[in-house]
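In what follows, a structure is listed as structure tokens, so that the remarks can point back to it.
In what follows, chains carry the letters A, B, and so on, assigned in the order in which the sequence lines appear, proteins first and then strands, with residues in each chain numbered from 1. What you are looking at is a predicted structure, and each value in this text was computed from that prediction instead of being measured.
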Amino acid sequence: MHEVLKSHGCGELRAEHAGEQVTLAGWVHRRRDHGGLIFLDLRDSTGLVQVVFHPEQEPAASAVAAEVRNEYVLGIHGEVTARRAGTENPELSTGAIEVLAASAEILNAAETPPFPVNQETNVDEVTRLRYRYLDLRRERMAGNLRLRHRVVKLMRDFMDERGFIEVETPVLNLATPEGARDYLVPSRVHPGSFYALPQSPQQWKQLLMVGGVDKYFQIARCYRDEDLRADRQPEFTQLDVEMAFVEEEDILDLTEDLYHRLAEEVRPEWTIPARFPRFTFAEVMERYGSDKPDLRYGLELHDLTGLVRTAEFRVFTQAIEAGGRVRGFAVPSGADVGRRGLDEYVELARAAGASGIVWFQFAGEGPLDGLTADEVKSPAARFFTPEQAAALGQACGARRGDLLLIAAGPDALSSKVLDLLRRTVAEQRGLADPAALSFLFVTQFPAFEWDADEEKWSAVHHLFTSPFTDDIPLLERDPGSVRSHAYDIVCNGQEIGSGSIRIHSREVQLAVLRTLGLTLDEAKLKFGHMLEAFSYGAPPHGGIAPGIDRTVALFAGERDIREVIAFPKTKSAGDPMTGAPAPVSERQLRDVHIRLAPDAEEALAEQRAGAASTE
RNA sequence: GGCCCCGUGGUGUAGAGGCCUAACACGCCACCCUGUCACGGUGGAGACCGUCGGUUCGAAUCCGAUCGGGGUCGCCA
């Protein structure tokens, strides 16, 4: 015999339901016992509703309510009534009504939860992860999961409307030599051989293009065995997109349309650029020192090399003689930063590898004209006349009352340092509007970068990325200056996704592989299937892969993608709830032809000893 | 892998060598309270301060190691 457990969602009830008999079920959010009269807030996925128990009218139900504790699972039956005048709760969507309980049944008792489920207090993240199922009941996570669902649904709908079809690709793959470290899966059937989990479905989607699926997408799980960050998990999800017969602009336009749609539907009250600005890699590096600049604030970088070339200041002149430049930016109203704050900036720069930074503070207010010596504060003040100092400030757009931060050295270093300072200053001063989505595209990434450790060229994006046609002759002579049709979508200082136009010619692909130091034989061994596929009529194609975790975090206003993932892992890639990863039995190892190395055995022995001593 | 930060009752914090046989709030337990909605009142239980070792007459407080967590750089085609 099956009774109906629910006729409505708790959060769905409104004044119009008054008079209806309803059956509700959910968790006890909070209980208020007035010594007879009991109020319960009952919670399910739809929200909260207040249930009232009158001991005189329904003694049996009231007895159940008296017994109940927070997080008990409770079913009730009763009548929806308008609240008596003056007791409505405008804070609650169901606050105009309440349910008079006629009967109640404890569907399941619950232990006192290890942290409050009914309030948004800060709880240690490990504890939250250990009891993630409880954390998911809380407002923040419940809301984030729903938002994530909406975003993913909108993505699917959007792609479908544009004629894309979703195709699944294998999770067990051939390991690839380039790129991130693979997660490996040993083969039982093929002793000594391994599958690799996909870092992305890159090769599959290109093969789909050759296969005539000219508009493909997939909500794809990707795996990379690298160190984690707030915006990096060992497994993450991408909206993987690829299309044939397109050029770079087509992909960028599509991506821009998608994000406009998402923002419109999910965060209509936030600001988003009507057109996403497009910068070349060289341009953003020059203006922001970063390939993923946060455009919600200014603090743009300026080249001061010409102004300081003749100064007596060795720190600058030596850097210039060594082929470097002097660059800096102005912090509006930064003259208020005290000695400690300035020292902190210098420390940051040192930690980033620079020998330091030079700062100038300008006293007063208004333009810098007629600056006097005692209005300039700087450790390098004696090397510059007030006029020279003012010129530096003006070059950065500074006024009196501002601070100037200047770094000297090779571009790579000064970019890194100034980017770090720019982000730090913006963070400290709250310059970024939390209700703004400052999207932009970065294009024309270099195709290759020199890997000093391996002493070889490596692909900046990946080795299927199409070089600029004009730059193909440079593949042999000067790989470092080859531009590629690779692009990123960036928002609020984060790389949201990247993509490229791919190589569809076997010859160009072979040339790129050569640049990367792969012989024809090696290339055939590792990418033979790709080269072969390209020889059967590969269409011109390209794609992009926006990160879904980062996208949802952005729309959720979360800075950590763990907050938008139901069951994320810790920084050490572990799961505090299940205990994964964990040792497996000898038998399981034997099945897959694996024997542990001495250091692994040692680590396990120590782990066991540690576990024993704490018991 | 480098550097930095954190680790005190169930939760969040206070405590910065003896005043701590550890304090506060929430939670929990009991009793009281019939219109609350972070209900209210009274009383109570609950941590030896992540772990190990050291300094000291004396350590939650200092030092070292270790474990766990986080941030950041490297790394992340």
Closer than 4.0 Å, any side-chain N/O of A:Arg562 to the OP1 or OP2 of B:G70?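 Yes, such a contact exists.
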Minimum heavy-atom separation for [X] to [Y], with atom names?
{"X": "A:Thr46", "Y": "A:Glu12", "value": "CG2-OE2, 3.7 Å"}
{"X": "A:Leu420", "Y": "A:Ala352", "value": "CD2-CB, 4.0 Å"}
{"X": "A:Phe448", "Y": "A:Pro479", "value": "CD1-O, 3.4 Å"}

Once hydrogens and angles are ignored, does a donor-acceptor distance under 3.5 Å link the base of [N] to the side chain of [X]?
{"X": "A:Arg224", "N": "B:C76", "answer": "no"}
{"X": "A:Asp124", "N": "B:G69", "answer": "no"}
{"X": "A:Asn89", "N": "B:C37", "answer": "yes"}
{"X": "A:Arg32", "N": "B:C33", "answer": "no"}

Within a radius of less than 6.0 Å around CZ of A:Arg130, do more than 12 heavy atoms belonging to other residues, nucleotides or ligands occur?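 No.
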For [X] and [Y], does a side-chain donor sit closer than 3.5 Å to a side-chain acceptor?
{"X": "A:Gln218", "Y": "A:Thr169", "result": "yes"}
{"X": "A:Arg327", "Y": "A:Ser415", "result": "yes"}
{"X": "A:Gln199", "Y": "A:Asp182", "result": "yes"}

Write down the distance between [atom1] ([X]) and [atom2] ([N]), rounded to a whole number of angstrom.
{"X": "A:Lys292", "N": "B:C76", "atom1": "NZ", "atom2": "C1'", "result": "10 Å"}
{"X": "A:Asp453", "N": "B:G74", "atom1": "CG", "atom2": "C1'", "result": "10 Å"}
{"X": "A:Arg559", "N": "B:G70", "atom1": "CZ", "atom2": "P", "result": "16 Å"}
{"X": "A:Glu344", "N": "B:U72", "atom1": "CD", "atom2": "C1'", "result": "13 Å"}
{"X": "A:Asp135", "N": "B:G12", "atom1": "CG", "atom2": "P", "result": "12 Å"}
{"X": "A:Glu449", "N": "B:C75", "atom1": "CD", "atom2": "P", "result": "8 Å"}
{"X": "A:Leu413", "N": "B:C73", "atom1": "CG", "atom2": "C1'", "result": "13 Å"}
{"X": "A:Leu348", "N": "B:G71", "atom1": "CG", "atom2": "P", "result": "17 Å"}

Base, sugar-phosphate or nothing for [X]? Non-hydrogen atoms, less than 4.0 Å.
{"X": "A:Ala352", "answer": "nothing"}
{"X": "A:Arg423", "answer": "sugar-phosphate"}
{"X": "A:Gly35", "answer": "base"}
{"X": "A:Ala351", "answer": "nothing"}
{"X": "A:Ser572", "answer": "sugar-phosphate"}
{"X": "A:Glu88", "answer": "base"}
{"X": "A:Glu91", "answer": "nothing"}

Atom [atom1], compared across [N] and [M]: separation rounded to whole Å:
{"N": "B:C19", "M": "B:A30", "atom1": "P", "result": "36 Å"}
{"N": "B:G9", "M": "B:U61", "atom1": "P", "result": "14 Å"}
{"N": "B:C33", "M": "B:C52", "atom1": "P", "result": "49 Å"}
{"N": "B:A47", "M": "B:U11", "atom1": "P", "result": "13 Å"}
{"N": "B:A65", "M": "B:A25", "atom1": "P", "result": "39 Å"}
{"N": "B:G68", "M": "B:C32", "atom1": "C1'", "result": "45 Å"}
{"N": "B:G44", "M": "B:G54", "atom1": "P", "result": "40 Å"}
{"N": "B:C48", "M": "B:C37", "atom1": "C1'", "result": "40 Å"}

Residues of residues 79-87 of chain A with any non-hydrogen atom less than 4.0 angstrom from an atom of RNA chain B: list those, numerically ordered, please.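 Correct list: A:Arg83, A:Arg84, A:Thr87.
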Taking A:Ile38's backbone N and O only, do any of them form a donor-acceptor pair with A:Asp33's side chain (distance below 3.5 Å, no angle check)?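 The answer is no, because no donor-acceptor pair under 3.5 Å joins these two groups.
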Between A:Glu120 and A:Glu139, is there a donor-acceptor pair closer than 3.5 Å when you use the side chain of the first and the backbone of the second? yes
Please give the nucleotide sitting opposite [N] as a Watson-Crick or G-U wobble pair, both distances under 3.5 Å, or none.
{"N": "B:C57", "value": "B:G18"}
{"N": "B:C3", "value": "B:G71"}
{"N": "B:U36", "value": "none"}
{"N": "B:A23", "value": "B:U13"}

Salt bridge between A:Lys292 and A:Asp488, side-chain N to carboxylate O under 4.0 Å? no
I want to confirm an ordering. Mapping A:Val52 and A:Arg31 to their closest nucleotides on RNA chain B, which one lands closer to the 5' end?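 On the 5' side of the pair lies A:Val52.
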Nearest nucleotide by nearest heavy atom, which residue falls closer to the 5' end of RNA chain B, A:Asp227 or A:Pro55? A:Pro55
A cation-pi test, strictly: NZ or CZ of A:Arg483 under 6.0 Å from the centre of the six-membered ring of A:Phe468 and no more than 45 degrees from its axis. Yes or no?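 Verdict for A:Phe468: a cation-pi partner in A:Arg483.
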Going through the checks in order, is the side chain to side chain contact (heavy atoms under 4.5 Å, CB included) test met by A:Ser93 and A:Arg14? CA-CA 8 Å; A:Ser93 60; A:Arg14 294 292 182 276; 3.7 Å; yes
Would you tabulate the pairs of protein nitrogen or oxygen atoms and nucleotide nitrogen or oxygen atoms of nucleotides 28-32 of chain B closer than 3.5 angstrom?
from: B:C29; atom 1: OP1; to: A:Arg69; atom 2: NE; distance (Å): 2.9
from: B:A30; atom 1: OP2; to: A:Arg69; atom 2: NH2; distance (Å): 3.4

Test applied, salt bridge (charged side-chain N to carboxylate O under 4.0 Å, His left out); reference residue, A:Glu563; option that passes from A:Arg132, A:Arg128, A:Arg550: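 That would be A:Arg128.
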From [options], pick the nucleotide closest to the side chain of [X]?
{"X": "A:Glu226", "options": "B:C75, B:G35, B:G71", "answer": "B:C75"}
{"X": "A:Arg229", "options": "B:U36, B:C73, B:G12", "answer": "B:C73"}
{"X": "A:Arg30", "options": "B:A38, B:C75, B:G74", "answer": "B:A38"}

Tabulate atom names and distances for all N/O pairs under 3.5 angstrom spanning the protein and nucleotides 7-10 of chain B.
from: B:G10; atom 1: O2'; to: A:Pro114; atom 2: O; distance (Å): 2.4

Among A:Phe445, A:Phe441, A:Tyr288, the one residue meeting ring pair (Phe, Tyr, Trp, His ring centres under 6.0 Å) with A:Phe281: A:Phe445
Start with the C-alpha gap between A:Tyr216 and A:Trp204, add the side-chain angles, then the distance that decides, and say whether side chain to side chain contact (heavy atoms under 4.5 Å, CB included) holds. CA-CA 10 Å; A:Tyr216 146 91; A:Trp204 295 114; over 6 Å; no
